[in-house]
Amino acid sequence: MKKMNNTVSGFTLIELLVVLAIIGLLAGLVGPQVMKHLGGAKTKTARVQIEDLAGALDMYKMDVGRYPSSSEGLKALVERPSSARLWNGPYLRKSTVPQDPWIYDYHYVSPGEHGRFDLFSLGGDNAAGGDGEDSDINSWE
């Protein structure tokens, strides 16, 4: 006759608490560093997008002879404005103008105060000024 072994193996409550404490410590140490780099990545992404949009605006100017007006805005890069006779777009790969990494629209003014046009993002707080992830990113610096 066979003898049945009814022992159940598993973790004790103490072992689970120790593992949770270790995970909590790691999250507390690593989490802030990851978030710091994530904010920096968004700022870099905004800079790259502004450079791409500026290049598309230059292509628009080569075809039309001028930059889009402030009222036409960046939408002129994907949809032909009625005043643009020689428009040869769309000038962006996608059919919509991208938003900044914080999901706000880029700001465009033409003629700009700092050059041919001003193209900028107000950062994470969507307000002028700020530090870190909330700082403004623009086309003229």
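As a basis for the values below, the full set of heavy atoms in this structure was taken, side chains included, without hydrogen atoms, waters or symmetry mates.
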Q: With a 3.5 Å distance limit and no angle check, can you tell me whether D100 reaches the backbone of A46 through a side-chain donor-acceptor pair?
A: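 Side chain of D100 to backbone of A46, a donor-acceptor pair under 3.5 Å: no, none is there.
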
Q: Can you give me the closest heavy-atom contact between V97 and L74, atom names plus distance?
A: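 Heavy atoms only, the tightest pair is CG2-O, 3.4 Å.
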
Q: Donor-acceptor pair, distance only, cut-off 3.5 Å: does the side chain of S70 make one with the backbone of S110?
A: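 Yes.
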
Q: Hey, could you give me the CG/OH distance between D125 and Y104, rounded to the nearest 0.5 Å?
A: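 Nearest 0.5 Å value for the CG-OH distance: 7.5 Å.
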
Q: If you measure from CD on E72 to CZ on R80, what distance do you get to the nearest 0.5 Å?
A: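 E72 atom CD to R80 atom CZ measures 11.5 Å (nearest 0.5 Å).
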
Q: With Y67, which residues qualify under side chain to side chain donor-acceptor pair (under 3.5 Å), at least two apart?
A: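 Per chain and number, Y67 pairs via side chain to side chain donor-acceptor pair (under 3.5 Å) with D58, R116.
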
Q: Quick check against the 3.5 Å criterion: does D118 have a side-chain atom that pairs as donor or acceptor with the backbone of E113?
A: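 Looks like yes, one N/O pair under 3.5 Å.
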
Q: Looking at every non-hydrogen atom in both residues, tell me the closest pair between P98 and Q49 and how far apart they are.
A: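 Distance-wise, the nearest heavy atoms are CB-NE2, 4.0 Å.
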
Q: Might you point out which heavy atoms bring K42 and P101 nearest each other, and give the distance in Å?
A: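 What the structure gives for the nearest pair is O-CG, 3.2 Å.
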
Q: Write down the atom of Q99, the atom of D105, and the distance for their closest heavy-atom approach.
A: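 Answer, listing the atom of Q99 first, then D105: NE2-OD1, 3.1 Å.
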
Q: Excluding sequence neighbours, so at least two apart, what forms side chain to side chain donor-acceptor pair (under 3.5 Å) with D63?
A: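 Once residues adjacent in sequence are excluded, the partners of D63 under the side chain to side chain donor-acceptor pair (under 3.5 Å) criterion are Y91.
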
Q: What is the minimum heavy-atom distance between A76 and W87, and which atoms define it?
A: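 The answer is O-NE1, 2.8 Å.
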
Q: Roughly how far, to the nearest 0.5 Å, is OG of S121 from CG of N126?
A: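 That separation rounds to 7.0 Å.
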
Q: List for me each residue that meets side chain to side chain donor-acceptor pair (under 3.5 Å) alongside D136, sequence neighbours excluded, and say none if there are none.
A: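 For D136, no residue satisfies side chain to side chain donor-acceptor pair (under 3.5 Å) once neighbours in sequence are set aside.
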
Q: Indicate yes or no: at least one non-hydrogen side-chain atom of L92 is less than 4.5 angstrom from one of D52.
A: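 Side chain of L92 against side chain of D52, heavy atoms only: no contact under 4.5 Å found.
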
Q: So, the side chain of W102 versus the backbone of L122: is there a donor-acceptor pair under 3.5 Å, distance only?
A: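 Side chain of W102 to backbone of L122: no pair is present.
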
Q: Give, for atom CD of E15 and atom CG of L13, the distance between the pair rounded to the nearest 0.5 Å.
A: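 The CD atom of E15 sits 10.0 Å away from the CG atom of L13.
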
Q: If we check side chain to side chain contact (heavy atoms under 4.5 Å, CB included) with V19, which of these qualifies: I22, I23, L17?
A: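 Only match with V19 under side chain to side chain contact (heavy atoms under 4.5 Å, CB included): I23.
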
Q: Is there a continuous path of hydrophobic side-chain contacts, each under 4.5 Å between heavy atoms, that joins M59 to L57?
A: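 Yes, because M59 and L57 connect within a single hydrophobic cluster, where side-chain heavy atoms sit under 4.5 Å apart.
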
Q: Output the distance between atom CZ (F120) and atom CD1 (I137), rounded to the nearest 0.5 Å.
A: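 Nearest 0.5 Å value for the CZ-CD1 distance: 11.5 Å.
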
Q: Would you compute the distance between atom OH of Y108 and atom CD1 of I50 and round it to the nearest 0.5 angstrom?
A: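 Nearest 0.5 Å value for the OH-CD1 distance: 13.5 Å.
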
